[in-house]
Amino acid sequence: MTILQSRSACYSPLHSPGGASAIHTVDTGADPMAEAVPKSSRKRGEDSHRSKAEAAADDRNAIDLGILGESVGFLLKRAQMAVFADFIETFAAVDLRPAQFSVLVIIGRNPGLKQSQVSAALNIKRTNFVPMLDLLEKRGLVARKLAAGDRRSHALHLTAEGSTLLAELQRLWADHERRICEQIGPDGRDQLLSLLGRMIASGSASASPFDVDEADAAPVKARATGQGGRKRG
């Protein structure tokens, strides 16, 4: 009864200006006030109730992370996974992963670099970098040319198709970065970039090349054969 009285007070527009009720009901055994409440309002109430119930369930199922909740490395990894998830979704249409994008950007900005220079700039092991570069070359995005002054090395250049794609990638990247900025704000983004830069600078001297991240490694291998086991040209 209390709920019905409360609903009646909230839905005063249901009454006519003269004060008489504008709703005429027939005694069918149904609650007339329940019928008077719009279905959309009842649905919002039900959704709100479910949201509270789900939130309570989440609280009950929450796991205590302990010191991991204060671990820079752990939280950086979780943040990276969230960023990569958005990146992969954004770049899915062009079939490109984060490390492949990084390679194209470096070569585009520094045409003529040797393979070893690009892999060093991205801190990727040669054993992982070479097959990734092979795939980009097969897709017609990168070309290997003999390096000037060193016939044993190859200089890397974007093809015309690679340059065209890079322009599109930069637009996709801008959308991706905008979504991140919406989460932490422009000032937060600037501060985060500054802090990450300091961490990278202080640790770069002792850092050793790493394997391509799991977000890149498995899909790169799959794309080498393409669908149906056929190699891409």
Side-chain angles (χ1 to χ4, degrees), residues 51 54-109 118-136 139 141 165-166 168-227:
S51 298
E54 291 170 356
D58 289 341
D59 289 341
R60 290 194 299 271
N61 296 327
I63 296 176
D64 184 358
L65 297 178
I67 59 174
L68 292 178
E70 304 174 32
S71 169
V72 173
F74 177 78
L75 295 178
L76 276 176
K77 181 63 176 177
R78 293 297 300 271
Q80 180 200 38
M81 292 169 66
V83 171
F84 271 21
D86 184 89
F87 182 101
I88 291 169
E89 182 179 354
T90 303
F91 285 71
V94 292
D95 194 24
L96 214 68
R97 310 294 287 190
Q100 295 171 308
F101 170 73
S102 299
V103 170
L104 293 179
V105 170
I106 293 294
I107 296 175
R109 297 288 295 181
V118 177
S119 61
L122 297 174
N123 210 32
I124 300 176
K125 288 181 179 178
R126 184 180 183 278
T127 53
N128 296 107
F129 181 77
V130 172
M132 186 194 312
L133 190 61
D134 289 342
L135 180 58
L136 294 174
R139 291 182 60 178
L141 304 176
L165 178 61
L166 184 57
E168 172 62 19
L169 297 179
Q170 289 171 337
R171 288 191 288 271
L172 293 174
W173 172 84
D175 290 339
H176 165 66
E177 286 292 313
R178 175 181 50 77
R179 283 189 292 274
I180 296 174
C181 190
E182 288 173 352
Q183 298 177 35
I184 60 179
D187 292 341
R189 181 178 181 275
D190 291 343
Q191 184 179 12
L192 179 59
L193 289 175
S194 175
L195 292 172
L196 291 174
R198 285 166 55 186
M199 292 182 66
I200 293 170
S202 63
S204 60
S206 59
S208 58
F210 56 87
D211 293 328
V212 177
D213 192 274
E214 58 268 22
D216 293 292
V220 165
K221 188 178 296 183
R223 288 195 181 96
T225 57
Q227 294 181 349

Would you mind reporting whether [Y] and [X] have side-chain heavy atoms less than 4.5 Å apart?
| X | Y | value |
| --- | --- | --- |
| His176 | Val83 | yes |
| Leu122 | Met132 | no |
| Phe74 | Leu65 | yes |

Point to revise | By side chain to side chain donor-acceptor pair (under 3.5 Å) - contacts of Arg189 (at least two apart) | key: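 Arg189: side chain to side chain donor-acceptor pair (under 3.5 Å) contacts with Glu177.
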**Study point:** For Thr90, side chain to side chain donor-acceptor pair (under 3.5 Å) partners two or more places apart
**Key:**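 In terms of side chain to side chain donor-acceptor pair (under 3.5 Å), with neighbours along the sequence ignored, Thr90 is linked to Asp86, Arg179.
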Kindly give the heavy-atom pair with the smallest separation between [X] and [Y], and that separation in Å.
| X | Y | answer |
| --- | --- | --- |
| Trp173 | Phe91 | N-CZ, 3.7 Å |
| Ile88 | Pro98 | CG1-CD, 4.4 Å |
| Gly66 | Asp64 | N-OD1, 2.9 Å |

Practice item. For atom CZ of Arg109, decide whether the heavy atoms of other residues, nucleotides or ligands shown that lie under 6.0 angstrom number more than 12. Key: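 Open.
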Check your understanding: Would one find more than 12 heavy atoms of other residues, nucleotides or ligands at under 6.0 Å from atom CD of Glu70?
Key ->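 Not buried by this count: 12 neighbours or fewer within 6.0 Å.
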Review point. For the atom pair CE (Met81) and CG (Leu76), what is the distance rounded to the nearest 0.5 Å?
Key: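 With rounding to 0.5 Å, CE (Met81) is 13.0 Å from CG (Leu76).
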Practice item. Could you check Leu133, Leu104, Val103, Leu135 and say which one makes a side chain to side chain contact (heavy atoms under 4.5 Å, CB included) with Leu141? Key: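 That would be Leu104.
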Which pairs would a plain distance check flag for residues 190-198, meaning a side-chain donor or acceptor within less than 3.5 Å of a matching protein atom at least two apart in sequence or in another chain?
none

**Study point:** Whether Phe87 and Phe84 hold their rings parallel, tilted or perpendicular, with breakpoints at 30° and 60°
**Key:**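 Tilted.
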Review point. Between Leu96 and Arg139, does a side-chain contact (heavy atoms from CB on, under 4.5 Å) hold up when you go through it step by step?
Key: CA-CA 11 Å; Leu96 214 68; Arg139 291 182 60 178; 3.5 Å; yes
